[in-house]
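Notes for the one structure printed next.
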Amino acid sequence: MSRQWSEHLLLWTLRGLAMVAGCIILLIGAFLAVESVPALREVGLGRFFSDTSWHPSGGVEAGSFNFAPMAAGTLAVTSGAVLLATPLGIGSALFCHFYAPRGLGVAFRRLVELLAGIPSVVYGIWGLVVLIPLIRQWQPPGQSLLAGILVLTIMILPTVALLTESSLRAVPRSYLQGAAALGLSRWATVWGVVLPAARSGIVTAVLLATGRAIGETMAVLMVMGNIVQVPTSVFDPVRALTANIALEMGYAMDAHRSALFVSGLMLLAMVVVLVAMSVWASERSRYA
Amino acid sequence: MLPADLFRAPGRPGGVKGVVTSSRRTTLGGLLTLVLFGASGGCDSARGGAPIEDGRLQGRIAITGSSTVAPLVGEIARRFEEEYPAVRIDVQTGGTSRGIADVRREIAEIGMVSRVLRPEEADLLNHAIAVDGIAFIVHSKNPVPALTHEEIVGIFTGETRRWSEVGGGDREITVVNKADGRATLELFLSHFELRGEEVRPSVIIGDNQQGIRTVATSPDAVAYVSIGTASFESSRGTAIRLLPVDGVDPTLEALRDGTYPLTRPLNLVSRADSNLLVEAFLAYAASAEVHDLVEAQYFVPPVE
């Protein structure tokens, strides 16, 4: 086998594999779209936001299809979790990289990695058994937006921390040496040199974590109470779009089933927007 | 004699040459189908091949439907498979509505239905295998002794907000309701003559297990679940208590003599054109040979 021939083989194998990966994403998108068509045609996009409630099992005429409260639930729990996890994650990455003694830093990183590997259903059980009783003592029933936010925060914290840490590590050594030569304090170095240099990586970390929070299903299904309503306080139970699909898909038929695919399509659209934002953020900072 | 015995040739022990595929192998596939394709995909495992080879039953049966019926049918299927080693039975849950839809679409041979069939479902053949009831459960530490019909309506419509109003402690009631489309919800609503929108829940759950877990971890919750599942869990030490309704305890005896108000039949449904294997299994599941399994799941065998 000539050398050139084997190179060709490798090249086309890799091209083929890459194409399969790309096709799967496109197929899933196409599948969601095709399954959504009946609901979009018979119910109409408008009714998904203007109907009085979510009682889709009645069928196209008698049922009602407003999933805006669930979209609001998803947005509320995601933004709450991201708001909490971002400072915590960035803080722990900075601590780990610049402040912690070497041994402690390594141990801390291992712990965070472990946190990233825990299955979401375990977080859900933990929320149900530990978190919810605590919240209940304060504000019954305990199953609430707050419980969802806290569980999700812990779930996405490792994503923020680990990705931030790797972008801190990618800051060129010469920057740090320059800062040291100028006699900057450690905090001034971090704030004025490292963070701006690592900004695009940190933004990507936060956006990826947001994507994970949007898509999380099992844990939010278990701790948020799943009532379809727009939350007015963090103690209200709410239902996220993902939890709704998991709760109803097995039971749904016809228009109801198709409506669930519409909500799936909407989740996919949210994630596409996030990915586009993260690409835009990293491109912009590269040419800044 | 069990009808299926008719098909067994005498004096030919074991060792069937039929195609035997493990029922477990389809689990992952089934799961993926469920996730990616919902009810439209499904596995067409049970078709193809004659149900009798060498005079013995062989082949596959796909069963889907109610999560209340599934554990019982799983046990019955296991015993049936032991008796006929060339038969493989897949039991998947997904709710009564899905069971009916899958049988109609020929995705499954048998559907599990945990309620009375409706008039518009008369195209399916019905086989009662057990009687279940719906029990109201509270945390085992909840002091409330019993609930009446009116009290339950008050609690679930949000008019009664505190346990003290119905004889419990001075705490706010956490109302646990079932998600749209579950047979338990339908029976609850029709018995109490409520509409779905009238119920004011604080938590919505999916299957019986999730309901029991929710109540077991929250001292102020009240939920309604299958008596069978609740008694089973409570006998294993889960922190729940079954409440009497209108003075009648949700026990097997009350179910048997019909005094408990909230009962429902657990049925298997099939198409009229089922093959011999499916008919043999249906007859087996309704026969007295599985009554011990029915009672082990805290259900009651159907009245003849």
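Quick caveat: nothing in here was measured; it's all calculated off a predicted structure. Just the heavy atoms: all of them, side chains too, but no hydrogens, waters or symmetry mates, feed the values below. Each chain gets a letter, A, B and so on, in the order the sequences are listed, and its residues count up from 1.
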**Message:** Sort by residue number and list every residue of residues 156-175 of chain B having at least one heavy atom under 4.5 Å from chain A.
**Reply:** E172(B), T174(B)
**Prompt:** Would you call R212(A) and T78(A) a side-chain contact if the rule is heavy atoms closer than 4.5 Å?
**Reply:** no
**Side-chain donor-acceptor contact under 3.5 Å, S226(B) with N208(B)** = no
**Item:** Nearest-0.5 Å distance, NE2 of residue H139(B) to OG1 of residue T217(B)
**Value:** 7.5 Å
**Asked** So, S120(A) side chain and A219(A) main chain: donor-acceptor pair closer than 3.5 Å or not?
**Response** no
**Request:** Please confirm whether the backbone N or O of P231(A) pairs with a side-chain atom of D236(A), one donor and one acceptor, at under 3.5 Å?
**Result:** no
**Fill in**
Rounded to the nearest 0.5 angstrom, the CG-CH2 distance for L146(A) and W138(A) is 6.5 Å
**Message:** Using heavy-atom distances under 4.5 Å, tell me whether Q210(B) contacts chain A through its side chain, its backbone, both, or neither.
**Reply:** side chain
**Message:** For the interface with chain A, which of S218(B), P201(B), P219(B) has the highest count of heavy-atom pairs at distances below 4.5 Å?
**Reply:** S218(B)
**Side chain proximity check, F188(B) to K178(B), heavy atoms < 4.5 angstrom** = no
